Amino acid sequence: MSVRRSTVIFAWILLLPAVLYVTVIVAYPLVDTFFLSFTDASLKKTTKWVGTANYDKIFNATFAEVILRTFVWTAFSVAIKMIIGTFGAVMLNAAVPGRSLFRVLTMPPWIVPMAIGIFMWGWMYNGQFGMISGVLQNWGLVDGPVAFLAHGSTAFWATIITDVWIGVPLVTLYMLASMQAIPQDLYEAAWTDGAGRFYRFRRITLPLLVPSMITMSMLSLIATFNSFDIIWILTQGGPNGDTTTMIIDTYRTAIGSKKYGEGAARAVLICIFLSIFCIAYFRVTHRLASGESR
């Protein structure tokens, strides 16, 4: 046996556990869901092939509103997390006393179990004994109790604020690590030439953070688009469906109504959207890499 062939065999042996994991945990469920979306699978004993009937059902005005709401909810949440996270990273990267303590204080929203954090926000949003409503009344900003989760517009933004609270620490730490990886020689040279702090941030920090910001935005987009816990615990998609996103609608259809075929069709559509996001991300990063190599 040649050295090259033995090396290839050894490489495949090392890759085998990962290949099995991806096949069993990712590929098989994905393929099974795809075929399930073309059936009328439910609690019935028999399952029939129905072609694209499940997809025909979801392409209506109601589901179009769900899709639009999902994109709006994701866009606002990701944008706010990136803005606050990047600003927080800049503050934590500054040479100020006690910054190590401040870095530790950014962790609780990420460390606290998600369900507990969401329940905490649910209590604060309560109109009768919630802290937020009480503070607004004490300040004279509202005349009476405000039940944030009982009204569509306020419930929508309440879920976004909760998602931002949970996601900001990860964005902050990621951007902070990216900032600290920037060579200090660049700042020293700019400072020697008389460049101010804002100019250094605009001309050095921000351009070098673009790849990290794109990567973090993509990771946050995928997690937010698939976010289920926050909306389900706070509103379960209500009131009147004003916080129902695609993942909530898929759960209600497949698990709540036991319409597994229709639920699978919705899941496939989510997978398609996320695949488009990933393709766009890889194209952008490839262009950035090509530009840097020139």
Side-chain angles (χ1 to χ4, degrees), residues 42 54-55 57-81 83-84 109 112-168 220-267 269-270 273-274:
S42 62
N54 292 327
Y55 293 94
K57 291 180 181 178
I58 64 177
F59 287 111
N60 52 51
T62 302
F63 195 71
E65 292 180 4
V66 173
I67 295 176
L68 178 61
R69 187 181 301 114
T70 304
F71 276 86
V72 173
W73 193 85
T74 303
F76 275 107
S77 182
V78 172
I80 296 173
K81 278 187 283 190
I83 293 172
I84 296 177
V112 173
M114 184 179 292
I116 295 177
I118 298 171
F119 276 116
M120 178 191 71
W121 278 97
W123 280 87
M124 290 195 297
Y125 290 138
N126 189 281
Q128 298 300 322
F129 46 80
M131 183 190 72
I132 300 177
S133 178
V135 170
L136 294 177
Q137 291 180 73
N138 290 334
W139 288 354
L141 299 177
V142 295
D143 297 328
V146 180
F148 293 95
L149 301 180
H151 307 283
S153 57
T154 54
F156 181 81
W157 286 104
T159 55
I160 289 179
I161 292 172
T162 306
D163 183 70
V164 169
W165 181 81
I166 292 174
V168 158
S220 180
L221 186 149
I222 293 174
T224 305
F225 199 89
N226 279 324
S227 181
F228 173 82
D229 312 63
I230 295 172
I231 296 177
W232 187 256
I233 293 176
L234 288 178
T235 65
Q236 295 188 2
N240 298 322
D242 289 326
T243 59
T244 297
T245 57
M246 293 180 68
I247 196 71
I248 298 294
D249 183 72
T250 300
Y251 177 83
R252 281 179 166 177
T253 303
I255 307 301
S257 301
K258 305 297 187 297
K259 298 177 181 178
Y260 305 128
E262 294 183 24
R266 286 164 165 79
L269 190 60
I270 293 175
F273 281 132
L274 292 179

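Just so we're clear, the structure is a prediction, and the values are computed from it rather than from any experiment.
Closest approach of K81 and V164 over heavy atoms only: CG-CA, 3.7 Å. Shown here for S133 and G127, the closest heavy-atom pair between the two residues is OG-O, 3.4 Å. The two residues V146 and V142 come nearest to each other via the heavy atoms CG2-CG1, 3.9 Å. Across D163 and S227, no two heavy atoms sit closer than the pair OD1-OG, 4.0 Å. Here the closest heavy-atom approach between residue G263 and residue A254 is recorded as CA-CB, 3.8 Å. The shortest non-hydrogen separation linking A155 to G238 is CB-O, 4.5 Å.
Taking the side chain as every heavy atom from C-beta outward, F148 and M124 never approach each other to under 4.5 Å. Side-chain contact between R252 and W232 is present, with heavy atoms from C-beta onward closer than 4.5 Å. Side-chain atoms of Y125 and L149, non-hydrogen and from C-beta on, do get closer than 4.5 Å to each other. Contact check for L269 versus I67: side-chain heavy atoms found under the 4.5 Å cut-off. Using a 4.5 Å cut-off on side-chain heavy atoms (C-beta onward), I58 and E262 make no contact. Counting heavy atoms from C-beta on, the side chains of I166 and I118 come closer than 4.5 Å.
Note: F228 CZ to I247 CD1 = 7.5 Å, rounded to the nearest 0.5 Å. Rounded to the nearest 0.5 Å, atoms CG (L136) and CG (D143) are 11.5 Å apart. Summarising the geometry, atom CZ belonging to R266 is positioned 15.0 Å from atom OH belonging to Y251; distances are rounded to the nearest 0.5 Å. Remark: T162 OG1 to M114 CE distance equals 11.0 Å, nearest 0.5 Å. Residue L68 holds its CG atom at 12.5 Å from OG1 of T245, rounded to the nearest 0.5 Å. In this structure, OG1 on T224 lies 6.0 Å from CH2 on W73, to the nearest 0.5 angstrom.
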| request: In sequence, state the C-alpha distance, the side-chain angles, and the governing distance for I248 and T235, and then conclude on side-chain contact (heavy atoms from CB on, under 4.5 Å). | output: CA-CA 10 Å; I248 298 294; T235 65; over 6 Å; no
| Are W121 and I132 close enough, and set up right, to give a side-chain contact (heavy atoms from CB on, under 4.5 Å), and what steps lead you there? | CA-CA 10 Å; W121 278 97; I132 300 177; 4.3 Å; yes
| request: Evaluate side-chain contact (heavy atoms from CB on, under 4.5 Å) for T70 paired with F273, printing each intermediate quantity in order. | output: CA-CA 11 Å; T70 304; F273 281 132; over 6 Å; no
| request: Starting from the C-alpha separation in whole Å, work towards a yes-or-no answer on side-chain contact (heavy atoms from CB on, under 4.5 Å) for M120 and V112. | output: CA-CA 11 Å; M120 178 191 71; V112 173; over 6 Å; no
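In terms of modelled atom types and a separation under 3.5 Å, the side chain of N60 and the main chain of T62 share a donor-acceptor contact. A donor-acceptor distance shorter than 3.5 angstrom exists from the side chain of R69 to the backbone of G241, with no hydrogens or angles considered.
Atom CZ of F76 has 12 or fewer heavy atoms from other residues, nucleotides or ligands within 6.0 Å.
A donor-acceptor contact closer than 3.5 angstrom is absent between the side chains of T243 and T159.
Ring-plane geometry between W123 and F129 is classed as tilted, the angle between the planes lying from 30 to 60 degrees on a 0 to 90 degree scale.
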